[in-house]
Undergrad: 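Would you mind keeping the following structure in view while I ask a few things?
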Amino acid sequence: MTATSSTPSVDPLTTGAPSGSSGRGRGTLPRTALTAIAPAVWGTTYVVTTELLPPGHPMFAALLRALPAGLIALAVTRTLPRGSWWGKAAVLGVLNIGLFLPLLFTAAERLPGGVAGTLAAAQPMIVAVLAVVVLRQRLSGRRLLWGLVGVFGIGLVVIGPSAALDAVGVAAGLGSAATMALGITLTKRWGRPEGVSPLALTGWQLTSGGLFLLPLTFLFEGAPPAFDGRAALGYLWLGLIGGLLTYALWFQGITSLPVTNVAVLGLLSPLVAALLGATVLDQTLGPVQSVGFALALASIVAGQLPDRRPAPARS
């Protein structure tokens with residue numbers, strides 16, 4: 001495997017062409033559409049977890065989603081970190097994978113309906129605040145407002161009158177939103193080393209996150225559960241499609257688009273989960289849910305619009 005140095009980011013998924021060599025002239029719409037695939041696919045996590053996977057093993061599910069896919073990415077790209085990127089890849093892997101995934105699966109198992117999705121919808125607002133602290137960006141009141149609209153819309157879609165709140169599930173849902181938000185912000189700040197593809201960066205993070213999960217999984221959950229063909233299919237979907245492919249698209253979007261624009265795309269995940277609940281699990285979407293759906297979509301669209309502010313005068 002080859003080693004790389006830490007410099008600005010690159011564009012293609014499997015090559016190392018400089019990011020400035022293409023894309024600006026094409027606009028951001030194609031990159032936004034590709035990035036949106038990731039949270040849309042992640043919206044299948046709830047139905048796959050509840051319908052296909054053995055219950056009570058969220059860390060094992062997270063481990064199988066991360067480590068095999070990460071090793072595949074390393075084998076394909078044959079690229080290892082170098083210098084400070086060993087530490088950066090470890091930090092990003094723990095935040096984006098090692099902590100986020102088990103918290104996500106725990107929330108999906110312990111919270112009914114889409115309560116977990118509503119908690120996760122707070123992520124864009126957390127990113128907006130972290131962008132001020134970590135990226136030194138100006139706080140956007142408009143983005144915070146639309147973030148609140150998005151959370152409210154998701155709440156209308158997925159929280160029913162009989163939704164019960166489990167303390168552990170709520171803590172896991174909020175924790176997953178916070179860790180992913182910090183991971184997104186640091187991914188934007190550190191960028192990508194020159195000559196390193198998004199697939200290689202994805203492999204670093206999936207592998208480091210999986211290695212972080214490996215001892216913890218056996219410590220807290222013991223031996224792996226017995227699973228049948230349906231569960232194996234679910235694990236393959238979550239690992240190859242919901243892990244390797246989508247994270248590569250996600251990290252590509254973070255490094256090439258404004259971080260707050262990318263974060264608000266995460267609202268697609270609970271919306272897709274709600275649609276799958278209506279089509280697969282025979283759940284219904286009434287007038288209130290339809291209004292919430294429209295509000296959430298409006299928040300996503302508004303989140304892609306640039307802030308229209310005059311440039312400060314220079315002396």
Side-chain angles (χ1 to χ4, degrees), residues 7-43 92 96 120-121 123-132 134-147 149-150 153-154 180-202 205 245-272 294-312:
T7 43
S9 61
V10 294
D11 249 348
L13 286 179
T14 55
T15 62
S19 60
S21 62
S22 63
R24 285 193 178 184
R26 296 196 302 265
T28 61
L29 182 59
R31 284 173 287 168
T32 301
L34 283 174
T35 307
I37 293 175
V41 171
W42 295 338
L92 294 178
N96 290 324
Q123 182 194 107
M125 293 187 293
I126 301 175
V127 170
V129 174
L130 288 175
V132 177
V134 179
L135 304 179
R136 299 292 187 262
Q137 295 181 1
R138 181 181 299 175
L139 183 63
S140 173
R142 181 182 67 86
R143 294 190 183 278
L144 287 177
L145 177 60
W146 278 110
V149 171
I154 295 297
M180 189 64 159
L182 182 57
I184 289 173
T185 308
L186 290 178
T187 301
K188 183 64 176 180
R189 173 166 182 166
W190 291 336
R192 213 163 56 239
E194 183 179 5
V196 173
S197 67
L199 185 61
L201 180 62
T202 301
Q205 296 190 49
L245 174 62
T246 54
Y247 271 109
L249 294 173
W250 184 247
F251 295 137
Q252 165 72 358
I254 293 174
T255 56
S256 61
L257 295 169
V259 65
T260 49
N261 295 37
V262 175
V264 78
L265 292 176
L267 296 179
L268 287 171
S269 184
L271 292 183
V272 171
L295 289 175
L297 286 178
S299 176
I300 293 172
V301 173
Q304 307 311 308
L305 301 177
D307 286 323
R308 300 295 183 183
R309 291 185 176 181

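Position 1 is the first residue of the sequence; numbering continues from there.
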Undergrad: Let's go through Ile300 and Leu271 carefully: what are the C-alpha distance in whole Å and the side-chain angles of both, what is the deciding distance for side-chain contact (heavy atoms from CB on, under 4.5 Å) to 0.1 Å, and is it a yes or a no?
TA: CA-CA 11 Å; Ile300 293 172; Leu271 292 183; 4.1 Å; yes
Undergrad: Just to verify, what does Gln205 make a side chain to side chain donor-acceptor pair (under 3.5 Å) with, not counting sequence neighbours?
TA: Asn96
Undergrad: Looking at every non-hydrogen atom in both residues, tell me the closest pair between Val259 and Ala131 and how far apart they are.
TA: CG1-CB, 4.4 Å
Undergrad: How long is the span from the OG1 atom in Thr202 to the CG atom in Leu245, to the nearest 0.5 Å?
TA: 9.5 Å
Undergrad: Working to the nearest 0.5 angstrom, can you tell me the gap between Leu182 CG and Arg189 CZ?
TA: 11.0 Å
Undergrad: Are the side chain of Arg31 and the backbone N or O of Leu257 linked by a donor-acceptor pair below 3.5 Å?
TA: no
Undergrad: Between Lys188 and Ile254, is there a donor-acceptor pair closer than 3.5 Å when you use the side chain of the first and the backbone of the second?
TA: yes
Undergrad: Is Thr28 close to Gln304 at the side-chain level, that is, under 4.5 Å between some pair of heavy atoms?
TA: no
Undergrad: May I ask you to decide if Ala181's main-chain N or O and Thr185's side chain share a donor-acceptor pair within less than 3.5 Å?
TA: yes
Undergrad: Kindly write out the residues that satisfy ring pair (Phe, Tyr, Trp, His ring centres under 6.0 Å) with Trp42, not counting sequence neighbours, or none if the list is empty.
TA: Tyr247, Trp250
Undergrad: Let me see the working for Gln252 and Leu201 under side-chain contact (heavy atoms from CB on, under 4.5 Å), right down to the final yes or no.
TA: CA-CA 9 Å; Gln252 165 72 358; Leu201 180 62; over 6 Å; no
Undergrad: Start with the C-alpha distance between Leu265 and Thr35, add both sets of side-chain angles, then the distance that settles side-chain contact (heavy atoms from CB on, under 4.5 Å), and finish with yes or no.
TA: CA-CA 8 Å; Leu265 292 176; Thr35 307; 3.9 Å; yes
Undergrad: With a 4.5 Å limit on heavy-atom distance, are the side chains of Pro198 and Thr255 in contact?
TA: no
Undergrad: Any side-chain heavy-atom pair from Pro39 and Leu267 closer than 4.5 angstrom?
TA: no
Undergrad: Quick one: pull up CD1 in Ile184 and CD1 in Ile126 and give me the separation to the nearest 0.5 Å.
TA: 10.0 Å
Undergrad: Any heavy-atom pair between the side chains of Phe251 and Leu92 that's under 4.5 Å?
TA: no
